[in-house]
2 protein chains.
Amino acid sequence: MSFQKEKAIFTEYIRSKNLKHSEQRQLIMDVFLKTEKHLTAEELYEMVKKKNPSIGYATIYRTMKLLTEAGLCRELHVVDGVTRYEHLYNHKHHDHLICTKCGKFVEIESPRIEELQEKIAKKHGFILTRHRLELYGLCKSCKN
Amino acid sequence: MSFQKEKAIFTEYIRSKNLKHSEQRQLIMDVFLKTEKHLTAEELYEMVKKKNPSIGYATIYRTMKLLTEAGLCRELHVVDGVTRYEHLYNHKHHDHLICTKCGKFVEIESPRIEELQEKIAKKHGFILTRHRLELYGLCKSCKN
DNA sequence: ATTAATATGAAACTCATTATCAACTTGGGC
DNA sequence: GCCCAAGTTGATAATGAGTTTCATATTAAT
Ligand SMILES: [Mn+2]
Ligand SMILES: [Mn+2]
Ligand SMILES: [Zn+2]
Ligand SMILES: [Zn+2]
């Protein structure tokens, strides 16, 4: 859990774009890498603030954008209108099943659905570039 | 194309909630019903403005909310962050295939995908209440 | 250490949508 | 048709997530 690979990727991205390292970026990356959750900018901000109380919101957004461009992070836009960030590196593609009561995120995977999506796009003469599939409902604990 | 049924549904909704009819509501509903497109509030506003130049933006939003509550309209939230409105009454459930270059909307339907979604939800102990499936890509004319 | 380039935090701004509110309609009772 | 309580409207302010701006601070190459 030292995230050597991820850190190397970020360093390489920084280098390739002639950017610079900073305490803030390192800290935000660390906080992000240490959780497997689907965090909002606000949640990240609160977590980072505990280690560096002078951090600004804009730096969170800016850094998460960098991590996304570097291929370490995926931005998720679910129904509540707040962007969530999740690990991308070394995580295979998946979609989400979300409990609308408690907010639980379950990662789902369906090669069969992906195939059918391709088929549909092809049938209409489209070249598929991405898709969004989210299932909403009540989880085991919330449905009672 | 007189939309008798739709208008009756709206009238009944108005009655059931002790609301009132108004010129503006009638006009916005007419404009909405006459197109089969996936319109934004801005597009509706521009169209309605031609018939009633004093219309306000807020009235568009308010009326579209009423039409949605009445079951005549479905709000669509696609990636660009702008809500679109489409007919719901007498239209069976479908998802969308969208061209990211020209904005073309294609309505798609896949009972097989819907089944698989139910299966996945069940497997994780969820009760599915809704889902969002959008396919993005380049259409026949835009992919060249 | 110098210095040019980049990063930061605070605050202003954006953009879609919603809330507020005074003025204006609507519609049921007379 | 007139009254009038209740609902509606348009203008404008407010909201909230995210972005931009800018003066100041940090980074890293020399
Ligand atoms: Mn995930
Ligand atoms: Mn549609
Ligand atoms: Zn739950
Ligand atoms: Zn196209």
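All chains are named by letter (A, B, ...) in the order of the sequence lines, taking the proteins before the strands, and each is independently numbered beginning at 1.
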Quiz item: Starting at CG of A:L19 and ending at P of D:dT26, how long is that distance when rounded to a whole Å?
Solution: 19 Å
Quiz item: Can you check whether B:V79 reaches A:R130 side chain to side chain, under 4.5 Å on heavy atoms?
Solution: yes
Quiz prompt | B:H21 and B:F10 aromatic ring geometry - parallel, tilted or perpendicular at 30°/60° bounds | solution = perpendicular
Practice problem: Could you check how far NE2 of A:H21 sits from C1' of D:dA29, rounded to whole Å? | Solution: 14 Å
Self-check item: Side-chain donor-acceptor contact under 3.5 Å, B:S2 with B:Q4
Solution: yes
Practice problem: Mind listing the residues from residues 44-54 of chain A sitting with a heavy atom below 4.0 Å of DNA chain D? Number order is fine. | Solution: none
Practice problem: Between A:G56 and A:N18, just flag the one whose closest nucleotide in DNA chain C comes earlier from the 5' side. | Solution: A:N18
Quiz prompt | Interatomic distance, A:E23 CD vs D:dT26 P [rounded to whole Å] | solution = 9 Å
Exercise. Kindly determine whether B:R112 and B:E115 satisfy salt bridge (charged side-chain N to carboxylate O under 4.0 Å, His left out), including the steps that lead there.
Key: CA-CA 5 Å; B:R112 197 75 195 85; B:E115 263 171 49; 2.9 Å; yes
Quiz item: How about B:L72 and B:Y13: do any of their side-chain heavy atoms sit closer than 4.5 Å?
Solution: no
Self-check item: Verdict with supporting geometry, A:L39 and A:M47, side chain to side chain contact (heavy atoms under 4.5 Å, CB included)
Solution: CA-CA 10 Å; A:L39 299 173; A:M47 292 168 82; 4.1 Å; yes
Quiz item: Which nucleotide span of DNA chain C, 5' end to 3' end, has atoms closer than 4.0 Å to non-hydrogen atoms of chain B?
Solution: C:dA16 to C:dG27
Practice problem: Determine the interplanar angle of the A:H87 and A:F3 rings, folded into 0 to 90°, and report it as parallel if under 30°, tilted if 30 to 60°, perpendicular if over 60°. | Solution: perpendicular
Practice problem: Respond yes when some side-chain nitrogen or oxygen of A:Q24 is under 4.0 Å from OP1 or OP2 of D:dT26, and no when none is. | Solution: no
Quiz item: Any side-chain donor paired with an acceptor under 3.5 Å for A:E107 and A:H91?
Solution: no
Quiz item: How many Å lie between CG on B:L27 and P on D:dT9, as a whole number?
Solution: 11 Å
Quiz item: Salt bridge or not for B:R15 and B:E12, using N-O below 4.0 Å?
Solution: yes
For nucleotides 17-25 of chain D, tabulate all protein N/O to nucleotide N/O atom pairs closer than 3.5 Å, reporting atom names and distance.
from	atom 1	to	atom 2	distance (Å)
D:dG18	OP1	A:T83	N	2.8
D:dG18	OP1	A:T83	OG1	2.4
D:dG18	OP2	A:Y61	OH	2.7
D:dT19	OP1	A:K65	NZ	2.7
D:dT21	O4	A:R62	NH1	3.2

Quiz item: To the nearest 0.5 Å, what is the distance between CD (A:E134) and CD (B:Q117)?
Solution: 11.0 Å
Exercise. Can you label the angle between the A:H38 ring and the A:H94 ring as parallel, tilted or perpendicular, going by 30° and 60°?
Key: perpendicular
